[in-house]
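Structure, as structure tokens:
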Amino acid sequence: MSPRDEPSSRERQPYAGQTDAELMQAPTVFRDGLLRDQVVLVSGGGGGIGRAICYLFGRLGASVVACGRDAAKLARLAANLARLGAPCLTQTMTIRDPAQVAGLMDAAWSRFGHLDVVINNAGGQFAAPALDITPKGWHAVIETNLYGTWYMMQEAARRWIGRGEPGSIVNMVIPVERGPGVGIPHTMASRAGQIALSRTLAVEWAPHAIRVNCIALGVFASPGLARYPASARESFATNPMRRLGDVHDVAEACVYLSAPSGRFITAEVLTLDGGSQAWGEFWPLGKPAHFRIPE
């Protein structure tokens, strides 16, 4: 079966997300070669959204540096990027360790001689009642989403500023102003921190031609949705478009902010949620009876 004959992700199961084959040939609004000679670093590159970002940047001519904790996923990513003709460097690691982050940055500059874009896509969360979240669970989410993003931004900026080179950072967050985030208070806290940190650094590093932006994500079709209880699924598509997002759309937003199209954009939060901020709600543990309208 050729990639074009492969059943679509929605035909296989509604929450699976786009396959490698679909992502590697998904239509794009951007011209071929747009990112030639650029180098992009994507954390969490082996996951659903991370793969989409890596494939699109690679298709547009960029060299790709990807990190993550799953060696098998990174190996598959590297093999597919090779098929696309995109130079690639992968590294199995955790962004929660600043020494490993520094080593990744050193490896990127050693291999490619420069780095143009950092996309902080790696993140973690789990749904649980607030009273059931342990200190270990709280720390894991905060350290991955907030600390890890900070380590990545700081290490990249040190090298850009030291070399007098410009840079672009894109951080994945969620629309924290939409609320209420019941079931994921640790995620809400960490993502709000990311947004505040990004805006602060966008101002501090503007004299060095370093731009910092965020993309706030709604609910996207990806394997990660399987971790939510069945009771949460009724709110997956509570947005005016009445569907889940596609991870390729996230990749296109990353290109828009990173390419010359985004050269006058910094300290911004671009929201991709199908309009959920205007109408919609997301209940990671299912909507409690207390908040349901009696029939």
Ignoring hydrogens, what is the shortest heavy-atom contact between [X] and [Y]? Give both atom names and the distance.
X: Leu60; Y: Arg31; answer: CD2-O, 3.4 Å
X: Gln194; Y: Thr149; answer: NE2-OG1, 2.9 Å
X: Asn213; Y: Thr266; answer: OD1-CA, 3.1 Å

Just how far is it from atom CG of Asn145 to atom CZ of Arg96, taken to the nearest 0.5 Å?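 The CG atom of Asn145 sits 10.0 Å away from the CZ atom of Arg96.
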Separation between CZ of Arg59 and CG of Leu23, rounded to the nearest 0.5 Å: 9.0 Å
Can you tell if the side chain of Tyr151 reaches within under 4.5 Å of the side chain of Ile95, non-hydrogen atoms only? no
Do Leu74 and Val101 belong together in a cluster built from hydrophobic side chains that touch within less than 4.5 Å?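 No, separate clusters.
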Atom [atom1] of residue position [X] - does it have more than 12 heavy atoms of other residues, nucleotides or ligands inside 6.0 Å?
X: Phe30; atom1: CZ; result: yes
X: Phe126; atom1: CZ; result: yes
X: Glu177; atom1: CD; result: no
X: Asp132; atom1: CG; result: yes
X: Arg36; atom1: CZ; result: no

If you look only at pairs with a residue in residues 259-290, which of them pass as a ring-ring contact (aromatic ring centres under 6.0 Å, His included), with sequence neighbours excluded? Tyr228-Phe282, Trp283-Phe291
Which other residues belong to the hydrophobic cluster containing Val173, where Ile, Leu, Val, Met, Phe, Trp and Tyr are joined when side-chain heavy atoms lie under 4.5 Å apart, directly or via other members?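 Noted: Val173 shares its cluster with Ile174, Val176, Ile184, Met188, Ile195, Val269.
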Using residues 103-113 as the side-chain source, report each donor-acceptor pair under 3.5 Å to any protein atom, sequence neighbours left out, with the distance given to one decimal.
from   : atom 1 : to     : atom 2 : distance (Å)
Asp106 : OD1    : Arg159 : NE     : 3.4
Asp106 : OD1    : Arg159 : NH2    : 2.7
Arg111 : NH1    : Cys88  : O      : 3.2

